[in-house]
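Take a look at the structure below.
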Amino acid sequence: MILRPYQRQAIDSLYAWFQRHPEGNPLVAAAVGAGKSVMIAALCQEAISQWPETRIVMCVPSKELCEQNLAKLLAIWPEAPASVYSAAMGRKELGTAIVYATIGSIYKIAHQLGRVDLLLIDECHLLGERETGMYRTLISDLSGYCPDLRCVGWSGTIFRGNGIYLTDQEAPLFHGTAASVTMRHLLDTGYLAPLTTQATATKIATEGVGMRSGDYIVSQLAAVSDQAHLVASACQEIVTLAAERKRWLVFAVTVEHAQHIQQALSDLGIACAVVSGVTRKTERAQSIADFRSGQLRALISVACLTTGFDVPEVDCLALLRATKSPVLYTQILGRGMRIAPGKDSCLVLDFTDTIASLG
């Protein structure tokens with residue numbers, strides 16, 4: 001496969017970083033749409049081809065991301081010596097040169113992995129800040145068996161919700177940024193769709209809502225957001241302002257809030273479904289499949305569909321959930337920036353003060 005120029009440059013910059021730094025772990029900052037999974041796959045293929053004894057573990061936080069990353073690897077390299085270790089995928093395979101894994105399944109079995117040279121962590125901004133958590137456990141245990149282990153973190157947002165970069169935190173796991181692919185570059189070169197916005201008459205007021213861990217307290221935010229007149233008027237505006245848009249993602253505060261939005265949109269003739277962290281896996285997969293195929297025009301998301309969700313046709317984002325988190329905000333906006341045939345932009349409808357607050 002021929003990589004895009006910036007993808008080739010990013011991988012070459014990663015090699016150069018390793019040459020300059022005999023120790024330490026680098027970051028690759030790659031904005032939404034940059035093709036992290038493609039770059040990861042290309043790195044795996046090149047590493048195994050040039051150094052056949054190399055052993056790689058590629059770790060992600062979810063089944064969906066594991067499936068997406070593995071699909072890219074096999075598309076680029078069908079005969080890749082890869083296996084999967086993920087309970088959610090029903091596969092627990094080891095012994096190959098490359099292991100694609102979900103962190104929840106693999107973090108306790110460092111002793112079974114043997115030598116690991118490269119640990120690739122997708123969506124690395126989700127790592128815990130201190131010396132605890134599943135990723136830190138895996139890395140600590142692996143380092144005991146593999147003193148030459150190097151970790152590479154990949155993310156479009158290499159900072160936390162409080163704005164502190166992963167390299168600047170206390171006891172950082174990552175020690176520098178080896179390569180950076182920015183949204184500006186991807187927009188300028190036509191690899192991302194630009195965002196546009198339109199003023200909304202309906203506004204959810206967040207004055208007096210408390211903060212915790214860098215974002216609004218959910219229970220308090222739900223109290224000001226999930227009001228019948230706000231839901232009804234916001235949904236009417238979505239239907240009017242996004243009439244020419246084909247795929248809508250609507251962001252809600254709680255499951256109950258999302259269900260009220262779903263009812264209001266359904267009453268206006270919009271086929272839609274709610275997807276949340278408590279949605280059954282089979283139901284969630286079916287809703288996303290129906291959304292991809294166009295049977296559903298809208299998905300209402302509660303604390304999900306912000307990381308690794310890849311439906312390029314999304315051309316409208318509606319925020320009925322305010323946020324102060326730059327990470328969450330960037331991830332939300334990124335869901336609408338992928339390019340697709342017939343799509344020239346993504347409309348962002350903000351019924352909160354998020355755009356005014358975060359830009």
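FYI, the numbering just counts along the sequence from 1.
Lys343 contributes no side-chain N or O that, together with a main-chain N or O of Lys246, makes up a donor-acceptor pair within less than 3.5 Å. Side chain of Thr202 to main chain of Leu230: no donor-acceptor pair is present (N/O by atom type, distance under 3.5 Å, no hydrogens or angles).
Side-chain heavy atoms closer than 4.5 Å link hydrophobic residues (I, L, V, M, F, W, Y) into clusters, and following such links, possibly through other members, connects Leu43 to Leu74. Both Leu268 and Ile300 are part of a single hydrophobic cluster, where members link through side-chain heavy atoms under 4.5 Å apart.
In this structure, the side chains of Gln286 and Asp290 come closer than 4.5 Å at one or more pairs of heavy atoms. Between Val302 and His257, the closest side-chain pair of non-hydrogen atoms is not below 4.5 Å. Using a 4.5 Å heavy-atom threshold, the side chains of Val60 and Met58 count as touching. Looking at heavy atoms from C-beta onward, Ser37 lies out of side-chain contact with Trp154 at the 4.5 angstrom threshold. Side-chain contact between Ile48 and Trp77 is present, with heavy atoms from C-beta onward closer than 4.5 Å. A heavy-atom distance below 4.5 Å is found between the side chains of Met337 and Leu195. Using a 4.5 Å cut-off on side-chain heavy atoms (C-beta onward), Met183 and Thr330 make contact. Proximity of Phe291 to Val314: side-chain heavy atoms (C-beta onward) are separated by under 4.5 Å at one or more points.
Taking a 6.0 Å sphere around CD of Gln112, one finds it holds more than 12 heavy atoms contributed by other residues, nucleotides or ligands.
Residue pairs meeting the side-chain hydrogen bond (donor to acceptor under 3.5 Å, both in side chains) criterion with at least one partner in residues 15-35, sequence neighbours excluded, are Tyr15-Glu46. The ring pair (Phe, Tyr, Trp, His ring centres under 6.0 Å) contacts involving residues 166-191 comprise Tyr6-His185, Tyr6-Tyr191, where partners must be two or more places apart or lie in separate chains. Within the structure, side-chain hydrogen bond (donor to acceptor under 3.5 Å, both in side chains) pairs that include any residue of residues 95-104 comprise Ser83-Thr96, Ser86-Thr102, Thr102-Ser105 (at least two apart or interchain).
Checked for salt-bridge contact, Arg150 and Asp148 miss the test: no charged N lies under 4.0 Å from a carboxylate O. A salt bridge is absent between Glu53 and Arg115: the closest approach of a Lys/Arg side-chain nitrogen to an acidic carboxylate oxygen does not fall below 4.0 angstrom.
The two residues Leu319 and Thr352 have their closest heavy-atom pair at O-CG2, 3.6 Å. Contact record, Pro26 with Cys151: CD-O, 3.1 Å, taken as the closest heavy-atom pair. Between Gln198 and Leu349, the closest heavy-atom pair is O-CD2, 4.0 Å. Nearest heavy atoms, Ser287 versus Leu296: O-CD1, 3.6 Å. Gly114 and Arg55 get closest at one heavy-atom pair: C-NH1, 4.0 Å. Residue Ser345 comes nearest to Ala193 through the heavy atom pair CA-CB, 4.3 Å, listed as atom of the first residue, atom of the second, then distance.
Ile238 pairs in a side-chain contact (heavy atoms from CB on, under 4.5 Å) with only one of the listed residues (Ile261, Ile270, Leu320, Thr200), which is Leu320.
Annotation: salt bridge (charged side-chain N to carboxylate O under 4.0 Å, His left out) contacts of Arg247 (sequence neighbours excluded): none. Considering only residues two or more places apart in sequence or on other chains, Asp12 meets the salt bridge (charged side-chain N to carboxylate O under 4.0 Å, His left out) condition with Arg8. Residues passing the salt bridge (charged side-chain N to carboxylate O under 4.0 Å, His left out) test with Arg280, sequence neighbours excluded: Glu283.
Atoms OG1 and CD1, from Thr137 and Ile106 in turn, are 13.0 Å apart once rounded to the nearest 0.5 Å. How far CD1 of Ile121 is from CG of Leu138: 7.5 Å, rounded to the nearest 0.5 Å. For the atom pair Leu249 CG and Leu299 CG, the distance stands at 6.0 Å (nearest 0.5 Å). Here Lys324 contributes atom NZ and Thr354 contributes atom OG1; the two are 8.0 Å apart, rounded to the nearest 0.5 Å. The SG atom of Cys59 sits 11.5 Å away from atom OH of Tyr85, with the distance rounded to the nearest 0.5 Å. Atoms NZ and CD, on Lys63 and Glu67 in that order, are 4.5 Å from each other to the nearest 0.5 Å.
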### Task
Kindly determine whether Ser143 and Ser140 satisfy side chain to side chain donor-acceptor pair (under 3.5 Å), including the steps that lead there.
CA-CA 5 Å; Ser143 297; Ser140 176; over 6 Å; no
### Message
Under the criterion side-chain contact (heavy atoms from CB on, under 4.5 Å), I'd like the reasoning laid out for Glu123 against Lys36: C-alpha separation, chi angles, the key distance, then a yes or no.
### Response
CA-CA 10 Å; Glu123 305 297 349; Lys36 291 197 310 296; 3.4 Å; yes
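Glu256 and Thr254 form no side-chain donor-acceptor contact under 3.5 Å, judged by distance and modelled atom types alone.
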